[in-house]
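Remarks on the structure that follows.
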Amino acid sequence: MNNESGYNMKISRGQPDDAPQSARRCACNVRHVAFETPQDCRDVYVRRKYERDVMALDERKGVWKSGKGKGRHTPKGRQLDDAAWEEVRRLLGDRPRNRDLLIEFLHLIQDTYGCLSAAHLRALAEEMRMAQAEIYEVATFYAHFDVVKEGEPKPPALTIRVCDSLSCELAGAQALKSALEDGLDPSEVRVLRAPCMGRCDTAPVLELGHAHIDHATPEKVNAAIAAGDTHAHIPDYQDLSAYRADGGYAKLADLKQGGDWEAVQDIVLSSGLRGLGGAGFPSGKKWGFVRANPGPRYMAVNGDEGEPGTFKDRYYLERVPHLFLEGMLIAAWAVEAEKVFIYMRDEYPAVLSILATEIKALEDAGLVTPGYIDLRRGAGAYICGEESAMIESIEGKRGLPRHRPPFVAQVGIFNRPTLVHNVETLHWVARILREGPQVLSGTEKNGRIGLRSYSVSGRVAAPGVYLLPAGSTITDIIAAAGGMAQGHTFKAYQPGGPSSGLLPASINDVPLDFDTLQPLGTFIGSAAVVVLSDHDSAKAAALNMLRFFEDESCGQCTPCRVGCEKAVKLMEKDTWDQELLGELCTAMTDASICGLGQAAPNPIKLVIKHFPDEV
């Protein structure tokens, strides 16, 4: 008779189907007396036949045997190391193995072991039930992760990152880096270049471990190494108790009791507040766009203040973090966000510590539900300042900007409607609702309404953050910063980070505000003002900016990835090929996916226009 597996159960000749079980024999040559059903006997037959077939195959040369005469005992590919797996499981503890927590888990491993070994990446892939390729592509995307393959040495225990963005380069960052490389043992300390650390007012700056050294010198570095001073320095700031004593969170409580989100939106709109991360979109309007989409909805705070020359967000967070937090919770209430994600750049370890402490204080005080605010740590990628790239990073992926539409207000975190705001924007939301819209709308200068926080650095006497009327000109800003540094004459300025390019000192009567600089081929952006003097080269400054863009391009689109590289090569020549650079700028501006590639040509175009004698 035939069975389901295709094996023919042979009954001995002359034995009818109704013969007693003890009289039957089958192909496995075992009497049925030992089995209750023919299925049991069939299972024995299948198993024994498989064993005979395998033994027969194993005797054949070159089929199941390797060249060494030993059979393969494991699948191909990198094998799971039990010790590394146990270490990863111990680090992760009882945290959920969610895909969006991948970058957080990579940080845990990097912080504990000083690198991401191949064994730990394999173990993490096993623990998270993800492909090793996915883990690897994320780990290698971010600059602050050190991936170490089998047989490669681990990086030294101590890493120094020297900022080489424009303000620090003007202050001698290259000479500092060279001196450190010459004076330190590379087997114990590695010295790397790094993009802007958001401390341009104290240039040159470096990071020793997680400790920043302002106005850095080799002597300061050696002293810090000797003292083991490698951890973040937490400044004095207004904590929760002090903020509440000053009336903090009273407005949030009133709104939760019976506030009208549309009325609140109207107050914010009447103040004239616009997005202060660089885009300048009217802040209150975002709330209505997000509310128009069905829930669940989320909120994301863009704290990835990576535009070189910008440090205003850090300035406020290290002093009055709860103004930002209350503004954030008010905006989250307005859109009925089910969860709030704060994405903070890894270059701000003190801010990360402050926020973790104060979020815990909010939870303990019952002002927010535990877990409602999810603090996420970046890993060294300027591109994650672009809102859709930031959302990809929050989801545990590479920070690649998304194609739009759809916009993040419709399809954001986990494909749900998401409200995205900048840190300083939310700082002002709280102030507007606590003090009234006139806190911004009550200031007017040169026909412009409101206030701006200008991050001022470079060749000025007193670099820092200056809160000035939005109609301020570069002349006003330099005067607020104490004038030009001694021995320096004003030559040029960067109005809003490297994306805005350079303007000459002769353009000194234009308000540095939204919409005023577009006729000049630039924009205010994040209001990162870097001042150059007669000691500086506009051509060299533009090359510094393009090298930054070349390094920080995510590589997703060819116009940006290849365009930045080609631009740097052309700009390194003694004389620029202006026609070819012009064609390249047009291609990058027209065809790049996001603002990085679209704005990267600005330094080239403006230097050619305003400083032709240098190129």
Side-chain angles (χ1 to χ4, degrees), residues 84 87-88 90-91 103-121 124 139-165 168-169 171-200 202-235 306 314 318 344-354 356 377-382 551:
E87 289 169 350
V88 168
R90 186 167 57 250
L91 276 179
I103 294 173
E104 298 298 308
F105 295 161
L106 291 172
H107 274 305
L108 284 174
I109 298 171
Q110 174 84 31
D111 291 346
T112 303
Y113 297 101
C115 66
L116 300 175
S117 68
H120 283 137
L121 291 179
L124 184 61
T140 54
F141 183 86
Y142 296 93
H144 290 188
F145 294 137
D146 296 306
V147 176
V148 177
K149 299 179 181 179
E150 294 95 336
E152 292 182 347
K154 290 178 60 176
L158 193 56
T159 296
I160 295 175
R161 289 184 165 88
V162 181
C163 176
D164 67 355
S165 291
C168 285
E169 184 166 291
Q174 295 301 330
L176 173 64
K177 181 173 180 287
S178 297
L180 293 173
E181 290 172 334
D182 294 338
L184 296 172
D185 184 352
S187 65
E188 297 181 359
V189 182
R190 63 172 175 169
V191 180
L192 306 176
R193 60 149 301 277
C196 186
M197 298 178 184
R199 308 182 77 88
C200 315
T202 57
V205 173
L206 59 79
E207 189 178 24
L208 177 65
H210 289 297
H212 287 101
I213 298 180
D214 299 326
H215 303 296
T217 63
E219 293 74 22
K220 286 185 178 181
V221 172
N222 289 328
I225 293 174
D229 185 6
T230 61
H231 299 289
H233 300 162
I234 311 301
R314 178 185 64 82
E318 290 185 347
M344 187 56 55
R345 66 188 311 224
D346 197 33
E347 289 86 349
Y348 288 176
V351 170
L352 283 162
S353 176
I354 290 170
R377 178 180 167 193
Y382 165 76
D551 192 57

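Note that the coordinates shown come from a computational prediction; the quantities given were computed from them, not determined experimentally. Any value given below was found using the heavy atoms of this structure, including those in side chains, with hydrogens, waters and symmetry copies removed.
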Please test Q110 against H144 for side-chain hydrogen bond (donor to acceptor under 3.5 Å, both in side chains), starting from the C-alpha separation and ending with a verdict. CA-CA 9 Å; Q110 174 84 31; H144 290 188; over 6 Å; no
Sole residue of V191, D214, L192, I213 in side chain to side chain contact (heavy atoms under 4.5 Å, CB included) with L206: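 When V191, D214, L192, I213 are each tested with L206, the side chain to side chain contact (heavy atoms under 4.5 Å, CB included) holds only for I213.
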Hey, which of D229, L180, V189 is the one that makes side chain to side chain contact (heavy atoms under 4.5 Å, CB included) with V221?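 For V221, the side chain to side chain contact (heavy atoms under 4.5 Å, CB included) check succeeds only for L180.
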Are the side chain of [X] and the backbone of [Y] linked by a donor-acceptor contact shorter than 3.5 Å?
X    : Y    : result
K220 : H215 : yes
E188 : P156 : no
S178 : Q174 : yes

Euclidean distance, [Y] [atom2] relative to [X] [atom1], rounded to 0.5 Å:
X    : Y    : atom1 : atom2 : answer
E87  : S117 : CD    : OG    : 8.0 Å
D111 : L106 : CG    : CG    : 10.5 Å
E347 : Y382 : CD    : OH    : 13.0 Å
K149 : L116 : NZ    : CG    : 13.0 Å
I160 : R190 : CD1   : CZ    : 11.0 Å
C163 : H212 : SG    : NE2   : 9.0 Å

For a quick test of reading the model, state the closest non-hydrogen atom pair linking [X] to [Y] and the distance between them.
X    : Y    : answer
K154 : Y113 : NZ-O, 3.0 Å
R161 : A143 : NH2-O, 3.9 Å
E169 : D164 : OE1-O, 4.0 Å
A173 : V162 : O-CG1, 3.9 Å
V148 : P155 : CG2-CD, 3.9 Å
D346 : G380 : CB-N, 4.5 Å

Does [X] reach the side chain of [Y], with side-chain heavy atoms less than 4.5 Å apart?
X    : Y    : answer
L91  : H120 : no
L184 : I225 : yes
L352 : R377 : yes
I354 : P235 : yes
L121 : I109 : no
R199 : R314 : yes

Can you list everything that forms a ring pair (Phe, Tyr, Trp, His ring centres under 6.0 Å) with F145? Sequence neighbours excluded, please.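 Only H107 meet the ring pair (Phe, Tyr, Trp, His ring centres under 6.0 Å) criterion with F145.
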